Amino acid sequence: MPLDRDLLKRTILPIPDRPYVGPVMYNAQDPASHFPPIKPIEPLKNAPNVLLILLDDVGFGAAEPFGGVIRTPTAKKLAENGLRFTRFHTTALCSPTRAALMTGRNPHSVGMGCITELYTDAPGYTSMIPNTAASIAKILRYNGYSTAHFGKCHEVPVWETGPSGPFDHWPTYMGFEKFYGFVAGETNQFYPTLYDGTTYIETPHHGDYHLTTDLANQTIKWIEQQHAMAPDKPFFIYFAPGATHAPHQIPDDCLDWYENNEDIAGGWDKLRETICKNQKSLGVIPEDAEAAVNEDVPKWDDEMFDDMRDSLRREMELYASFLQQTDEEVGRVIKTLEDLHLMDNTLIIYIFGDNGASAEGTFMGTFNEMIGFNNIQKPLDEQKTIIKDNIDKFGTKEAYNHYAIGWAQAMCTPYKWTKQVASYFGGTRNGMIVHWPGKDGDGNDHIVRGDRGLRHQFTYVIDVLPTILEAAGLPEPLSVDGVLQTPIEGTSFLQTFKNQKAPEFRTTQYFEMFGNRGIYHEGWTAVTLHSKPWDWESNPNYEKDVWKLYYTYDYKLPDGTKPPYEGVDYDQVHVDWTQRTNLAPKYPKVLAQLKNLFEITAARYNVFPLNDEKTERLEQSPPPVGATQRYVDGSFVSDPCVINNFNRSFMITAKIEGPLGEAPNGVILARGNDFGGFGLYVKNGRLTYVYNYLGLERYYVQAEPRLLNLAEAYEVRMKFTYTGTDTGQGGTVELLTKGPRESDFKPLPLAESPDIGEDPLDETPDNAPGHIVRTNPIIFNVDAFLMVGKKTGGPLCPDFAGSGDNRFPGKVHWAEIELTGKPAEVSPEHRLHALEAIQ
């Protein structure tokens with residue numbers, strides 16, 4: 001039997017190189033001296049380009065194609081010529097959904113049972129995607145595709161986000177040739193922490209900068225370059241902008257798009273009614289479906305909102321603008337494909353949310369979501385005052401705002417519950433649009449829309465990868481990079497592209513998040529609510545969880561009959577599309593069967609052990625080892641990799657060198673940004689320390705004498721003594737210097753009135769120089785970084801603002817943080833509250 005040496009082994013990736021076998025002449029000029037031409041790896045014929053779009057924190061009922069009142073012209077246009085999947089599901093949380101999307105495996109199967117910040121040693125929760133589950137990007141790249149990722153990546157273990165790596169789980173090592181975006185759960189839209197590959201890049205400084213626009217620009221540039229240089233090579237683009245995750249920040253010219261909008265004006269309860277009516281007219285939910293009621297969410301007319309409704313409306317107006325602006329940026333990317341005549345063979349998969357809408361903005365909404373992340377429980381009147389006093393800043397770079405829980409529930413219409421709640425469709429059901437014009441190799445349309453392009457088959461996020469592979473004509477790889485692969489757990493839904501009545505291919509799917517559990521099986525769902533997004537107290541015992549049962553879809557077996565269950569007469573069971581009516585009391589045997597199925601399935605996919613033991617999980621957090629951490633000039637260190645100096649005494653010491661010149665200004669070390677952090681710097685020649693408390697207050701401590709104009713290196717120090725007995729309290733600051741030939745530090749007298757210029761948040765007490773009243777108890781910001789010698793991004797304080805103006809004019813040889821006291825104890829609930837909010 002002859003060897004099939006010319007057959008590409010696409011189940012082994014990278015495709016093994018085959019050495020030349022044949023005669024070799026002594027002289028290259030010999031007419032018989034010839035070899036096969038060099039050929040690059042190529043995809044199969046007619047392989048499509050793929051544009052995979054994933055938005056963030058968008059509920060099922062937000063966008064136009066799924067009944068929402070928010071204008072999404074790009075999505076609407078794609079839906080009119082493509083398919084709308086009405087029963088597409090995610091995991092209810094960010095990192096797990098993204099890991100499942102990229103690998104085609106269940107989140108717990110690839111160690112991503114929760115966000116990366118809450119990893120444990122258990123196999124389902126390590127936050128480390130194993131090399132036995134290669135990403136769709138790597139599979140396509142090894143099959144001849146160009147690959148690029150623009151936007152959010154929240155799948156890197158927190159201890160691998162530092163400048164020294166390792167970078168094994170970063171996009172450029174997971175199969176993407178190009179990565180431009182941020183590695184975190186969220187980022188500031190005006191001052192993002194950006195990477196090109198694994199290299200930090202400064203945010204472009206111009207007045208109209210906005211991250212989502214920048215990501216679209218970068219994507220367009222990459223497409224144009226690929227088309228110019230390799231027009232016949234297909235590409236895979238993963239566009240995940242991080243919008244519309246909080247903070248809800250938008251360009252100035254979008255701020256008033258929804259001002260006085262009639263649909264928003266009536267509040268979230270009326271908005272849910274409007275959306276539900278729209279959904280029925282569009283066919284994305286049945287005519288007889290009723291919106292599920294969530295009694296845990298306060299009504300719009302609750303008296304607690306009596307003096308707040310104008311501000312609450314503004315919160316939603318800004319979110320609506322954010323989603324529309326995001327969709328229009330997606331539209332610019334797609335317009336590029338149209339201009340380059342690439343649309344006919346580009347498969348577009350547009351997913352509206354990695355989970356349901358976010359209920360992490362508190363019942364009132366928030367000016368700075370870090371207030372909630374730090375579990376600072378301000379009295380209701382104070383919450384209202386902060387919001388009303390700052391409502392004109394919402395949506396701008398001066399706020400880190402999030403909307404109220406009521407709006408989140410409205411965005412998940414017609415379902416109840418939201419992000420984090422894997423038990424209910426409000427947390428897991430997201431809209432998905434598929435668009436693929438043109439014809440296949442046999443001359444048939446890629447898509448046959450049928451009735452309004454609706455697809456009601458049950459689909460799950462892990463089904464996207466095998467669908468893309470089937471569309472590209474590629475097999476599931478058995479080995480990647482020499483590592484045997486675990487089987488892909490998703491199932492292709494490509495058959496639905498041409499057959500609106502294609503049978504359901506996914507009959508069973510489990511869900512779990514924070515102990516919230518659920519399982520779908522043959523039209524039935526069994527669920528239990530274990531924890532609420534806003535309830536950070538200890539969760540109840542699992543034995544006390546109450547399971548409920550719903551019949552959510554008219555499922556039929558391949559022979560056309562309905563699955564038999566003991567005691568079930570289907571003539572007496574009506575489809576409950578929205579999980580509104582609990583059938584557990586009527587059909588306890590069905591519930592018992594589904595609960596048993598959940599346990600079997602959960603055990604198979606590494607869901608166990610269920611983990612809501614807060615203290616144990618928090619002990620897994622990986623702070624840097626030791627009491628001292630040193631940095632060099634130009635250091636850029638992500639916050640999870642910075643030594644933890646919250647709620648304790650510590651020192652910042654730095655070795656700096658002049659000459660400084662007259663009235664110098666410059667950063668020595670800074671950690672955080674506009675909405676929380678601290679910095680040691682020189683202002684007009686004076687050593688200065690600033691502490692930014694939640695973007696609400698700033699405290700300055702400044703030395704009276706100017707630093708000497710030495711050409712030699714000398715050391716400066718900030719010594720903070722924590723005087724609090726609980727978390728988030730204050731302390732005192734000393735500033736010291738040590739000359740090049742001095743053996744010890746000498747304290748500097750402090751200025752009674754620091755020379756800081758205008759700062760509306762300066763709260764330094766007049767008679768207490770060196771005193772800081774309040775400190776952040778848990779976290780500065782989700783995308784906070786420590787920098788040495790210069791501060792980029794959010795300026796932390798007015799003295800750091802501007803482009804390149806804060807660079808230390810001499811040299812920072814090194815700077816270090818040293819812990820000098822034991823920390824005040826942070827309750828596990830408070831710490832967990834902060835981490836669970838970073839999604």
Side-chain angles (χ1 to χ4, degrees), residues 57-64 66-72 244-246 248 257-280 284-285 289-324 352-353 355-367 369 372 380 383-384 387-388 391 394-395 401-421 424-427 429-431 532-534 578-580:
D57 284 6
V58 181
F60 182 84
E64 270 186 292
F66 298 94
V69 301
I70 302 173
R71 295 182 292 273
T72 50
T244 54
H245 195 295
H248 300 160
W257 280 357
Y258 286 82
E259 187 175 17
N260 299 321
N261 179 271
E262 292 183 1
D263 293 312
I264 296 172
W268 46 71
D269 298 318
K270 185 176 180 181
L271 179 58
R272 267 177 72 82
E273 295 176 3
T274 300
I275 294 172
C276 189
K277 182 179 179 181
N278 293 345
Q279 290 170 331
K280 292 179 180 181
V284 296
I285 68 171
E290 296 183 73
V293 178
N294 189 347
E295 300 294 348
D296 291 77
V297 177
K299 300 293 184 183
W300 177 253
D301 60 4
D302 191 295
E303 63 181 11
M304 71 184 293
F305 304 125
D306 282 351
D307 56 345
M308 287 296 296
R309 292 190 181 89
D310 287 344
S311 295
L312 293 171
R313 293 184 186 97
R314 185 60 179 157
E315 293 173 3
M316 183 58 203
E317 291 172 1
L318 293 167
Y319 176 81
S321 295
F322 194 15
L323 179 55
Q324 180 177 338
F352 283 85
N355 40 244
S358 170
E360 291 147 4
T362 78
F363 289 114
M364 198 66 65
T366 180
F367 161 70
E369 61 174 341
L380 183 60
Q383 291 182 47
K384 292 181 176 181
I387 292 173
K388 289 192 290 186
I391 193 64
F394 276 44
N401 52 292
H402 199 320
Y403 59 16
I405 287 169
W407 295 122
Q409 185 63 89
M411 293 300 95
C412 294
T413 303
Y415 309 109
K416 64 180 175 181
W417 292 107
T418 58
K419 175 182 178 180
Q420 296 190 25
V421 183
Y424 288 88
F425 292 153
R429 184 162 285 182
N430 292 90
K532 302 174 184 177
W534 53 82
T578 63
Q579 298 170 304
R580 183 182 173 97

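In this text the structure is predicted, and so the values were computed from the model without any measurement.
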- Can you tell me how far the CD atom of Glu262 sits from the OG1 atom of Thr274, to the nearest 0.5 Å? 10.5 Å
- Item | Rounded distance (nearest 0.5 Å) linking atom CG of Leu312 with atom CH2 of Trp300 | 5.0 Å
- In Å, rounded to the nearest 0.5 Å, how long is the span from CD1 of Ile405 to CG of Asp296? 9.5 Å
- Item | Minimum side-chain heavy-atom gap His402-Thr362 below 4.5 Å | no
- Does the Thr418 side chain pair with the main chain of Gly356, one donor and one acceptor, at a distance under 3.5 Å? no
- Of the non-hydrogen atoms in Gly67 and Asn278, which two are nearest, and what is the gap between them? O-ND2, 3.1 Å
- Message: Keeping Gln279 on the side-chain end and Val284 on the backbone end, is there a donor-acceptor pair under 3.5 Å?
- Response: no
- Note on the structure: Looking only at heavy atoms, the pair that brings Phe352 and Asn430 closest together is O-ND2, 2.9 Å
- Query: How about Asn401 and Thr366: do any of their side-chain heavy atoms sit closer than 4.5 Å?
  - Reply: no
- Message: Before we go on, tell me: are the rings of Phe425 and Phe60 under 6.0 Å apart, centre to centre?
- Response: no
- Task: Classify the angle between the aromatic ring planes of Trp268 and Phe305 as parallel (below 30°), tilted (30 to 60°) or perpendicular (above 60°).
- Result: perpendicular
- Minimal non-hydrogen separation, Met364 against Ala404, with atom names: C-CB, 3.8 Å
- Task: Indicate yes or no: at least one non-hydrogen side-chain atom of Gln324 is less than 4.5 angstrom from one of Thr244.
- Result: no
- Query: What residue pairs, at least two apart or across chains, pass salt bridge (Lys or Arg N to Asp or Glu O under 4.0 Å) with a residue in residues 307-318?
  - Reply: Asp256-Arg314, Asp306-Arg309, Asp307-Lys384, Asp307-Lys388, Asp310-Arg313, Arg314-Glu317
- Query: Ile70 and Met316: side chain to side chain contact (heavy atoms under 4.5 Å, CB included), yes or no, with the steps?
  - Reply: CA-CA 10 Å; Ile70 302 173; Met316 183 58 203; 4.0 Å; yes
- Item | Interatomic spacing from CD1 in Ile285 to CZ in Phe66 - rounded to 0.5 Å | 12.5 Å
- Query: Are Arg580 and Val293 close enough that some pair of their side-chain heavy atoms sits under 4.5 Å apart?
  - Reply: yes
- So how far is it from Phe367 CZ to Ile387 CD1, rounded to the nearest 0.5 Å? 10.5 Å
- Task: Report the distance from atom CD of Glu290 to atom SG of Cys276, rounding to the nearest 0.5 Å.
- Result: 8.5 Å
- How are the rings of Tyr403 and Tyr319 set relative to one another: parallel (under 30°), tilted (30 to 60°) or perpendicular (over 60°)? tilted
- Item | Where Trp417 and Gln409 come nearest, the two heavy atoms and their spacing | N-OE1, 3.0 Å
- Task: Considering non-hydrogen atoms only, spot the tightest contact between Asp302 and Pro298 and give its length.
- Result: OD2-CB, 4.2 Å
- Considering all heavy atoms, the nearest Ala292-Thr578 contact: CB-O, 3.4 Å
- Message: Any heavy-atom pair between the side chains of Phe394 and His248 that's under 4.5 Å?
- Response: no
- Task: Find out whether Glu360 and Lys419 are in side-chain contact, i.e. whether some heavy atom of one side chain is under 4.5 Å from a heavy atom of the other.
- Result: yes
